[in-house]
Amino acid sequence: MASGTTNPWHMALEQFNNAVQYLELDPGIIDFIRLPKRELTVNFPVKMDDGSVNVYTGYRVHHNTVRGPTKGGIRYHQDVTLDEVRALAMWMTWKCSLVNIPYGGAKGGIIVDPRLLSMSELENMTRRFTSEISLFIGPDSDIPAPDVGTNPQTMAWLMDTYSMHAGYTVNAVVTGKPVPIGGSLGRADATGVGVMFAARQAMQKLGMPLEGSRVVVQGFGNVGSVSARSMHEIGSRVTAVSDVYGGIYNEDGLDIPALMEHVRKSGKVTDYPKGEEISNADLLTIPCDVLIPAALENQIHQDNVGRIDTKLIVEGANGPTTPEADRMLRERGIVAVPDILANAGGVTVSYFEWVQGLQSFFWSEKEIFERLERIMTTAFEDCWSMAERKNVDMRTAASILAIARVAEATELRGIYP
Ligand code: GLU
């Protein structure tokens with residue numbers, strides 16, 4: 001049933017229900033793996049630079065713990081809701097299962113626009129939030145990481161706060177840390193490079209040339225900018241990119257390294273001189289060969305899907321396409337590589353960081369990218385053949401594989417008591 005929903009949790013449930021019908025599972029097991037295991041809401045005070053006190057609301061949701069400790073980022077954004085965090089946690093469960101790393105899914109978030117806070121306010125808020133969720137997180141239980149609005153510095157504060165409570169350094173409590181304090185080489189670029197691996201493999205399957213293919217990227221944060229740079233490096237022509245302020249378009253292709261340098265200085269893409277300005281809404285409907293939404297949820301929906309003019313969508317963001325839009329893309333023959341596959345490079349290298357931290361033994365960047373490529377290539381091939389076998393789209397195929405692994409682990413462990 002088409003619901004036309006834009007609530008991310010309802011979207012995630014609809015995708016789950018759609019995939020689970022292909023699996024022969026006990027209805028009780030289906031209910032168990034559908035629902036979040038536990039959810040924490042915290043309201044906490046933060047001392048601001050002017051001496052006043054602001055109260056913030058944050059969440060940490062553990063969706064499923066059957067395959068291992070839970071894993072997932074922390075988002076700072078003004079539109080965070082509990083339903084969004086639930087959906088993101090569920091998608092983490094499927095993502096970790098799909099690339100076969102031994103984690104369940106979690107997610108956290110604070111309702112805040114981090115651009116409005118000073119560095120010291122961000123630090124105070126992060127340390128207090130860490131303290132508030134400290135019962136939920138730990139190197140053996142739940143390992144946070146960056147997401148929208150957070151970065152390696154945020155993870156450093158989190159690790160330091162948790163370690164101060166423990167009385168010793170616990171660097172495996174969080175991933176996406178700066179390299180000098182136990183971060184992994186390659187983690188910062190991992191999601192964007194993984195998006196490129198997925199795009200390249202899909203283009204090869206569809207017989208599309210890498211050289212000269214037109215690529216449009218929505219979002220120019222950690223995921224969007226590295227995806228754009230990686231596509232540029234394999235010879236594709238990135239014709240448009242955007243950030244929260246708007247987009248920039250040049251049919252001849254943008255010089256992505258130069259644009260990244262520009263953004264480092266000016267903070268936005270829109271005033272880059274070698275291209276024309278376009279709105280974020282128009283960017284999505286520019287004719288192109290590969291469209292990479294790498295911002296937030298609900299970007300491709302029933303009102304704009306008819307105007308999307310591309311052959312391939314590779315989801316750098318989590319949840320950028322509504323289930324309704326998904327169906328219409330399939331009818332129009334547009335292939336979409338789903339988020340849980342396309343952006344799994346981030347959590348995969350997070351897993352490498354966690355393993356390295358637990359062993360205090362660090363790998364070379366070459367080893368990291370080789371292992372990442374192997375994992376992503378295998379997951380892509382598995383999804384592609386499942387899609388062919390069941391005659392379903394890539395999202396359904398990816399979800400079938402991921403849910404089946406969680407269900408198998410649940411049945412093997414059995415129901416306690
Ligand atoms: N926030 C990222 C994601 O959505 C990374 C999570 C992680 O590394 O744990 O996949």
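Numbering of ligands and ligand atoms starts at 1, following listing order. Just so it is clear, the structure is predicted and the values come from calculations on it, not from any experiment. Residues take their numbers from the sequence shown, with the count starting at 1.
Which parts of ligand 1 touch Lys95 is read off a 4.0 Å heavy-atom cut-off, strictly below it: atoms 3 (C), 4 (O), 10 (O). Set against the non-hydrogen atoms of Lys107, the atoms of ligand 1 under 4.0 Å away are 1 (N), 3 (C), 4 (O). Annotation for ligand 1: atoms under 4.0 Å from non-hydrogen atoms of Ser350 are 7 (C), 8 (O), 9 (O). Under a 4.0 Å criterion applied to the non-hydrogen atoms of Met92, ligand 1 contributes the atoms 3 (C), 4 (O), 6 (C), 10 (O).
Which of Pro146, Gly72, Ala145 comes nearest to atom 2 (C) of ligand 1 through a heavy atom is settled by distance: it is Pro146.
Contact annotation for Ile143 and ligand 1: no heavy atom of the residue comes within less than 4.0 Å of the ligand. Contacts of Arg187 with ligand 1, taken as heavy-atom pairs under 4.0 Å, involve the side chain alone.
Separation of atoms OG1 (Thr239) and OH (Tyr249) is listed at 6.0 Å; rounding is to 0.5 Å.
Put simply, the side chain of Ser163 never gets that close to the backbone of Thr169: no donor and acceptor are under 3.5 Å apart. Checking side-chain atoms of Thr175 against main-chain N and O of Glu353 turns up no donor-acceptor pair under 3.5 Å.
Here the closest heavy-atom approach between residue Met231 and residue Val215 is recorded as CE-CG2, 4.0 Å.
An N or O contact shorter than 3.5 Å links Lys71 to ligand 1 by distance.
Around atom CD of Gln21, more than 12 heavy atoms belonging to other residues, nucleotides or ligands sit under 6.0 Å away.
A search for side-chain hydrogen bond (donor to acceptor under 3.5 Å, both in side chains) contacts involving Trp354 returns nothing, not counting sequence neighbours.
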